[in-house]
Amino acid sequence: MTTDPFDLGAIPEETTARSTSAAAISAMRAPYLEGLNAEQREAVEALDGPVLVLAGAGTGKTRVLTTRLAHLLATRRAYPSQILAVTFTNKAAREMKERIGRLIGGVVEGMQWLGTFHAIGAKMLRRHAELAGLRSDFTILDADDQVRLMKQIIQAANIDEKRWPARQLATYIDGWKNRGLTPGKVPAGEAQSFANGKGAELYQAYQLRLKVLNAVDFGDLLLETLRIFQEHPEVLVEYQDRFKYMLVDEYQDTNVAQYLWLRLLAQKNRNICCVGDDDQSIYGWRGAEVDNILRFEKDFPGAKVVRLERNYRSTPHILGAASGLIAANEARLGKTLWTEENEGEKVRISSYWDGEEEARNIAEEVESLQRKGHMLHEMAILVRASFQMREFEDRFINLGIPYRVVGGPRFYERAEIRDANAYLRLVAQPDDNLAFERIVNKPKRGLGEVALQTIHQLANARGVSLMRAAREIITTEELKPAPRRALAGFVEMVERWRALVPGMPHTELAEIILDESGYTEMWQNDKSAEAPGKLENLKELVRSMEQFDDLQGYLEHISLVMEIESQDTGDKVNLMTLHSAKGLEFDTVFLPGWEEGLFPHQRSLDQSGVAGLEEERRLAYVGITRARKLSYISFAANRRIHALWQSAIPSRFIDEIPKEHVEVAESAMGASSFQNYAPSRFSQDFASGSDYSSPGWKRAQTMTRTTSKVRPPNLEVSAELVATSDPAAASYRRGERVFHQKFGYGEVTAIDGNKLTVDFDKAGRKKVIDSFLERV
DNA sequence: ACTGCCCAGGTTTTT
DNA sequence: CCTGGGCAGT
């Protein structure tokens, strides 16, 4: 091989042509190809050009994906470092890594570009941070930081936060970012919808704040990278050349920003393989565009489409029920799942008087199955909304059935973990203002509103971080003695810990920090019921840090990974939402709460109409297809939602399941009158083949055409913001008369850089900072 | 600066 | 019903 593999300028065709025969040869004796069915094999071997693999539920998607990667590597089409493989979740990325490792050994190590969209975006953004007006050590904010920041922005703009909650602004901004919209690109109508037209303005202000804080949120990891690609063609070309092959998992879940990102990267080599299932797109409300997968062939003319329809998971009845249901959707590419399994049991449908009866019966069925030898961990209860879980938990606790809640509150999102992380962040990165704010007074140190306000004031005036401002302020008398001492103690502590970083294992340091800061003690003294659990979580946190080399590595990890490995492996019934069940499978699946209003959820219908209904239906499809052998659907005539009782009729989805795959268990259910739904306007649009007129497509088009003309990121603006006060301009002379907010009028008697000694008429001699003074 | 009270709002949540 | 957040009182 004469071509330098790392010469990114190498002509792709050359490499391709040369390795074709090698590919054919190794394919013949490649052990990893054995056992694939014809379609799977086709999907694995179609290496060149755009490929869309439509992988139905349980058709061996992950296997195809990993085998394809192995095949690329084994046939030497590309070096590990030349393959871009993106997933949505860390779990999927991890799993892919493991499985490739098992197939072809250590090469995985070289796959630096296998990861989640966000992890890869972060990696790229760190390499080119300056092009986005950031330093490469920028911090990644999580949802909580994001909202806190927006709250500040809203307050600063003098907008009533009661009427316009930060949470809602966050939803808007996330939505815009998902669609690849920078502040200037927000459609006027939508910008109008928040705070009487201040939406885009606040978005802009938020972005400026982020730049000043040297921070990004999740959306920026993609959006900023995308913008760099669009505004700096040389950077884009570098990556286009580097990535000889691209692989995308769960393509149906990509949003517009991700779609544009992928399309730009794939433009040159066109070796992109997207794997997904339009019928399992359930994250539309998070910005996923089913359209992306539906129009793949239009985007990549000449694309090869492979359908994986042979299902290895479920029985024919379960597949029949699921297929019949999903057939009611108009906006789909269409697949017919089949299996060679034995017929098996029909889907059992039961009706109950109320939610409690439903829970009781399901719990009894769980016990009965267990007596017949079924394992608890092979059973799952999948609910639409998490409030439904309570009834089941109550029941299980009552009967002593071990259960596990999957999903739920994330480890890193818990307050105590976020507090602990804020301490660690502040030690690693003293300029992290959000971390500083979070913990200066936690545990209570007597640093309240006033103290914080003063620190803020100086920080803003100087354009420095809160930590720096605090360090300066304690050498003066700006604060009253008590808070001043408290702040001095705090600053000193953080600096002491910081000095320990190089010489001490980071887990040990973490323990010291939690201990010396008084944080652990705070919870020990807390008498509430949650306190012991919180302390336990803190211990778990320190334990989980062991798997990282150092503090830096740990912090980078947690900013991108919101989960923690749970080693909860006992034989327990699984309880989770339908959303978190995607990608999982169980022998037995219980699907309670199939009532109009709950499932399909009323809000989904209200908000998104037919598109919402179709997404709910896909959710139902995901639910049914989780089951290998047994599937139970049920609904209750009465349900207590919040305080009041509501009666409900069976979900229309129940009627949509073909009768031949169903067995009605309890009585009173044939009465459902939900039979026919007129085809919607939306569906007709789609059926008429006007794919290009879909909103997503139009949006995408305007995006690509116009963003290149966008003015560069707000570098100048943020620079201005940082330098609002020019210290030189404020230099005072001895004897000068000055005014201080707190101390009143006085005369300068001594000058030490920024620090002045002033004889105040009323307050006496004080040491203060120049930025708190005004000339008289 | 902390504690208690009142009021609103409650679908899903990969990073 | 139940939780979380904002505000008023000591």
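Just so it is clear: chains get the letters A, B, ... in the order the sequence lines come, proteins before strands, and each one is counted from 1.
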Next on the checklist: In this structure, how many angstroms lie between the P atom of B/dC2 and the CG atom of A/Asn525, rounded?
Outcome noted: 15 Å
Checklist entry - How would you label the contact of A/Val561 with the nucleic acid (heavy atoms, under 4.0 Å): base, sugar-phosphate, or nothing? => result nothing
Checklist entry - Is the ring centre of A/His579 under 5.5 Å from the base ring centre of B/dT12, and are the two planes under 30° apart, so that they stack? => result no
Checklist entry - When you match A/Asn441 and A/Leu578 each to their closest nucleotide on DNA chain B, which lands nearer the 5' end? => result A/Asn441
Next on the checklist: Could you tell me how far apart A/Lys442 (NZ) and B/dC2 (C1') are, to the nearest whole angstrom?
Outcome noted: 14 Å
Checklist entry - Reckon A/Asn178 has a side-chain N or O less than 4.0 Å from the OP1 or OP2 of B/dT15? => result no
Checklist outcome for this item: Per atom distances to the A/Lys444 side chain, the nearest of B/dA1, B/dC2, B/dT11 is B/dC2
Checklist entry - Should A/Ser580 be listed as having a side-chain N or O under 4.0 Å from OP1 or OP2 of B/dT13? => result yes
Item to check | Ring-base stacking, A/Trp285 with B/dT11 (5.5 Å, 30° cut-offs) | outcome: no
Checklist entry - Looking only at side-chain N and O atoms, does A/Thr577 come under 4.0 Å of OP1 or OP2 in B/dT13? => result yes
Next on the checklist: Less than 4.0 angstrom between a side-chain N/O of A/Asn90 and OP1 or OP2 of B/dT15, yes or no?
Outcome noted: yes
Checklist outcome for this item: note: A/Leu598, atom CG; B/dT12, atom P; distance rounded to Å ~ 10 Å
Item to check | Range-with-range stems of DNA chain B (Watson-Crick or G-U pairs under 3.5 Å, three or more in a row) | outcome: B:1-10 with C:1-10
Item to check | Presence of donor-acceptor pair under 3.5 Å, side chain of A/Arg384 and base of B/dT11 | outcome: yes
Item to check | Protein-to-nucleotide contact annotation, 5' to 3' order, nucleotides 1-10 of chain C [B base; S sugar-phosphate only; - none; under 4.0 Å, heavy atom] | outcome: BS---S----
Checklist entry - Which whole-number value in Å describes the distance from A/His601 NE2 to B/dG10 P? => result 10 Å
Checklist entry - Taking NZ, NE, NH1 and NH2 as the nitrogens, is one of them in A/Lys534 or A/Glu540 under 4.0 Å from a carboxylate oxygen of the other? => result no
Checklist entry - Does A/Arg126 count as lying over the ring of A/Phe138, i.e. NZ or CZ under 6.0 Å from the six-ring centre, within 45 degrees of the axis? => result yes
Checklist entry - How are the rings of A/Phe599 and A/Trp594 set relative to one another: parallel (under 30°), tilted (30 to 60°) or perpendicular (over 60°)? => result perpendicular
Checklist entry - Taking A/Thr66 for the side chain and A/Thr62 for the main chain, is one N or O donor matched with an acceptor at less than 3.5 Å? => result yes
Checklist outcome for this item: A/Leu560 has its side chain closest, among B/dT11, B/dA1, B/dT15, to B/dT15
Next on the checklist: A side-chain contact here means heavy atoms from C-beta on lying under 4.5 Å apart; do A/Pro600 and A/Arg652 qualify?
Outcome noted: yes
Checklist entry - Can you tell me how far C1' of B/dG9 sits from CD of A/Gln168, to the nearest Å? => result 13 Å
Next on the checklist: Would you say the rings of A/Tyr283 and A/Trp285 are close, in the sense that their centroids are separated by under 6.0 Å?
Outcome noted: yes
Item to check | Euclidean distance, atom CZ of residue A/Arg94 to atom P of B/dT15 [Å, nearest integer] | outcome: 9 Å
Next on the checklist: Check A/Asp217 with A/Lys177, please: is the shortest side-chain N to carboxylate O separation under 4.0 Å?
Outcome noted: yes
Next on the checklist: With hydrogens left out and only the distance checked, is there a donor-acceptor pair under 3.5 Å joining A/His118's side chain and the base of B/dT15?
Outcome noted: yes
Checklist entry - Nearest-Å distance, NZ (A/Lys91) to P (B/dT13)? => result 14 Å
Checklist outcome for this item: Among B/dT12, B/dT15, B/dT11, the one nearest any side-chain atom of A/Gln607 is B/dT11
Item to check | A/Leu223 backbone acceptor or donor facing A/Asp220 side chain under 3.5 Å | outcome: no
Item to check | Side-chain ion pair, A/Lys61 and A/Asp249, N-O less than 4.0 Å | outcome: yes
Checklist entry - With a non-hydrogen cut-off below 4.0 angstrom, is A/Tyr283 in contact with a base, only sugar-phosphate, or nothing? => result base
Item to check | Pairwise salt bridge (charged side-chain N to carboxylate O under 4.0 Å, His left out) hits with a residue in residues 142-159 of chain A, at least two apart | outcome: A/Asp142-A/Arg418, A/Asp144-A/Arg148, A/Asp144-A/Arg418, A/Asp144-A/Arg438, A/Asp145-A/Arg148, A/Asp145-A/Arg418, A/Asp145-A/Arg425
Next on the checklist: When you measure from the side chain of A/Asn441 to the backbone of A/Lys444, do you find a donor-acceptor pair of N or O atoms at a distance under 3.5 Å?
Outcome noted: no
Checklist entry - Over how many whole Å does the gap from A/Lys582 atom NZ to B/dT12 atom P extend? => result 17 Å
